[in-house]
Amino acid sequence: MADDAEEPRARSNRRQITPEQSVARLVSRWQGDRQEKIGGKSQKRVDGTRKAANRLTTVFDHLTADEVVEPSKHVPVLTRCDVLVVGGGPSGLSAALGARRAGADTVLMERFGCFGGVITTVGMETMGWYRYEGTVDCEGIGREMERMAARMGGSTKWPCNDSECLDAERFKLIADELVTSSGIRPLLHCLCVDVLKNDAGEITGVITESKSGRQAVLARRVVDCTGDADVAYLAGCPFTVLPPTERMGSTQVFNVAGVNRDAFLEHVSQNKRTYADWSRGWNSSTPQQTMGKEDGLASPFINDEFGLAVDRGVITQSEAADLSGTWSALSDAGEATNLNLVHMGGYDMTNVNDLTAVEIASRRKTMHALKALQAVLPGFDKAKLRNFGMTIGVRDTRKIKGRYSLTSADVYGQARFDDSIGVFPEFIDGYNILVLPTTGRYFQVPYGCLVPQECDNLVVGGRCVAGDRTSHAAMRNMMACTVTGQGAGVAAAVSLRVNASTSAVDVREVQRELARQGVKLE
């Protein structure tokens, strides 16, 4: 016991060091001026002073500099392949499957832990919700994925027409099956951070970061299906991008459980909404631009409920801002999924600080939306949050400058192209424009909008293909992304088969392979 009593006193008798003295001692040690006790006396050890001082200078330089220089180092090669597809969403899955079916050894690389992109990570469950009577649709891997989901019990009918609602969680399994059964080599949790190019300006692979560290994937062809044109951007390809305030907003999709299905559907049947109602929502100050034929069609729209919640004092006017949109699937168990109601504008979704801010703000905004629905929407009074999307849904960032750039006239005017790699219905949704393909009109998609300038053996698929604002409102849609993805993947594989670059490949050879794979070209 005596020894135990002495210990606190021994500690209390030690000389107290002020914060300033602690910092001075730390700096002294960094400079190599360390104290060593020898024979009970403190002695200075001065060897290594120069090296330590240099290290100190480097540390302080890094703390104050606007940029640092990474030391040169050897990067191990993770793998090699014929075709590397970066991004595993609808366009990336289509690209990888198209390339593999064309005979190429294909790697599909994805930054998240699952394939499916916006479907599985955001929770946006409708690849093509535009299928009202009269639609002439595309054909290819995108439609194949929907049919496979239906066979596996992973889809239900959309509320207002015969379009499919995919089960986002089940689609993870469907994507896994598509990838593994086809012989595609999967890479999950792997982010592209740089590109490799030869002296001729041709892309030869990418640098990745993962839990395994910094590694290279070498590829004879690369397909950029990142959505944001990340690979093309890193390769130095020219691109276009709108100011953040002019871009389409991003969406925090959320799902709830505990909905009284009968009460909600009774309310919907008694309060029918149409696309004409969209002019009063989506946070727009101007009427929605349509062709007129859309205005009377049924839409699963929720908007007035948020105004009613404000009137009742449930949420404030500022909390109701940016709340408007659609509901989608409603299960027998009362789970409402793909609630597309929280929209965030004015953020740059290629800026990490903006991405951080919008993720946090949109989750907070979602709770305002749920509070309002619980208070005023029949059937939602006992609804509880089930989950947010894994990440916010992005509609609008970079677009490459391509060999050809799609225009408003193309998508409105049933454009036809000699280098068609598929078709897409006259469906335009964005920038306050809504055109539904009820008249059977469609346009061809040219290979040229997939081919970036200033970098060969790189092609793109998905929403980052070349085009103006109105064409982006068409090509950003998931089913359109499968068209460009499959076209890009097949072109990459065929270019290897005929020993030509992606910019010089004979598009007739690409079209023959696409036709063999069941793609509608005209």
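Counting from 1, the numbers follow the sequence of the chain as shown. All values reported here derive from a predicted model rather than from experimental measurement.
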Mark yes or no for whether [X], through its side chain, and [Y], through its backbone, hold a donor-acceptor pair below 3.5 Å.
{"X": "S163", "Y": "R131", "value": "yes"}
{"X": "Y130", "Y": "I428", "value": "no"}
{"X": "E164", "Y": "L166", "value": "no"}
{"X": "K293", "Y": "L436", "value": "yes"}
{"X": "N432", "Y": "P287", "value": "yes"}

Non-hydrogen atoms of [X] and [Y] that approach each other most closely:
{"X": "R261", "Y": "S331", "answer": "NH1-O, 3.5 Å"}
{"X": "L242", "Y": "R247", "answer": "O-NE, 2.6 Å"}
{"X": "V223", "Y": "G489", "answer": "CG2-CA, 4.3 Å"}
{"X": "D224", "Y": "V231", "answer": "OD2-N, 3.0 Å"}
{"X": "V519", "Y": "G422", "answer": "CG1-CA, 4.1 Å"}
{"X": "G325", "Y": "L341", "answer": "C-CD2, 3.5 Å"}

Could you verify whether a donor N or O on one side chain and an acceptor N or O on the other, from [X] and [Y], lie under 3.5 Å apart?
{"X": "T251", "Y": "R395", "value": "yes"}
{"X": "S324", "Y": "N303", "value": "yes"}
{"X": "Q511", "Y": "S420", "value": "no"}
{"X": "T126", "Y": "W158", "value": "no"}
{"X": "D295", "Y": "T290", "value": "yes"}
{"X": "T397", "Y": "R463", "value": "yes"}
{"X": "D396", "Y": "Y431", "value": "yes"}

Practice item. Find the distance between CG (N260) and NZ (K382) and round it off to the nearest 0.5 Å. Key: 8.5 Å
Exercise for review: Starting at SG of C114, measure out to NE2 of H189 and round the result to the nearest 0.5 Å.
Suggested key: 8.5 Å
Please determine whether a side-chain nitrogen of the Lys or Arg among [X] and [Y] lies less than 4.0 Å from a carboxylate oxygen of the Asp or Glu.
{"X": "R151", "Y": "E177", "value": "no"}
{"X": "K520", "Y": "D137", "value": "no"}
{"X": "D468", "Y": "K399", "value": "no"}
{"X": "E144", "Y": "R101", "value": "yes"}

Point to revise | side-chain hydrogen bond (donor to acceptor under 3.5 Å, both in side chains) partner of E125, the single match among T337, N338, T120, T156 | key: T337
Review point. Does NZ or CZ of R441 lie under 6.0 Å from the centre of the six-membered ring of F424, at an angle within 45° of the ring axis?
Key: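 No - R441 does not lie over the ring of F424 by the 6.0 Å and 45° rule.
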Point to revise | Test side chain to side chain contact (heavy atoms under 4.5 Å, CB included) applied to V507 and F417, step by step | key: CA-CA 11 Å; V507 75; F417 299 95; over 6 Å; no
Review point. So do the side chains of M145 and M478 get within less than 4.5 Å of each other, counting heavy atoms only?
Key: no
Review point. T350 versus Y233: any side-chain heavy-atom pair under 4.5 Å?
Key: no
Practice item. Measure up the W129 and F427 rings against each other and bin them: parallel (under 30°), tilted (30 to 60°), perpendicular (over 60°). Key: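 Aromatic pair W129/F427 classed perpendicular.
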Point to revise | Candidate pair R469 and E246, rule salt bridge (Lys or Arg N to Asp or Glu O under 4.0 Å), full reasoning | key: CA-CA 10 Å; R469 186 184 301 220; E246 296 180 23; 3.0 Å; yes
